[in-house]
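Data first, discussion second: the structure below is written as structure tokens.
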Amino acid sequence: MTAHPKYPRVFSPTRLGPVELRNRFYSPPHAVPMTVGSKPSDDYIHYNAARMKDGGCGLIMLSMSMHPDRRSHPVETPVCRRI
């Protein structure tokens, strides 16, 4: 795939700290109603994995899940690695 002359490096790898991203596309966090209680569902994981597949997004920022008592708590989510 060739890049537009205005963006010649869009398909080339880049580094974000110690992490190398395969390209410069990213998916920002956005609301998707795919939770089971306060945890991400299998559909949510597959939804995000599909965005990385076949050279898609180089970086995906996941949205936050809300704890049932309505305070923010870290939720353990699987980390999507190269597929």
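Heavy atoms only: backbone and side chains are in, while hydrogens, waters and symmetry mates are out.
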Residues, nucleotides or ligands: over 12 heavy atoms within 6.0 Å of Arg15 CZ: yes
Evaluate the side-chain proximity of [Y] to [X]: yes if any heavy-atom separation is below 4.5 Å, no if none is.
{"X": "Leu59", "Y": "Leu16", "result": "yes"}
{"X": "Met52", "Y": "Ile60", "result": "yes"}
{"X": "Arg24", "Y": "Ser12", "result": "yes"}
{"X": "Pro13", "Y": "Arg22", "result": "no"}

Whether Tyr47 and Tyr44 hold their rings parallel, tilted or perpendicular, with breakpoints at 30° and 60°: parallel
Closest heavy-atom pair and its distance - Tyr26, Cys57: C-SG, 4.0 Å
Considering all heavy atoms, the nearest Ser27-His30 contact: OG-CE1, 3.7 Å
Reported NE2-to-NZ distance for the pair His46 and Lys53, which is rounded to 0.5 angstrom: 11.0 Å
Gap between atom CE of Met34 and atom CD1 of Ile45 - 0.5 Å precision: 11.5 Å
Donor-acceptor under 3.5 Å (Asn23 side chain, Val10 main chain): no
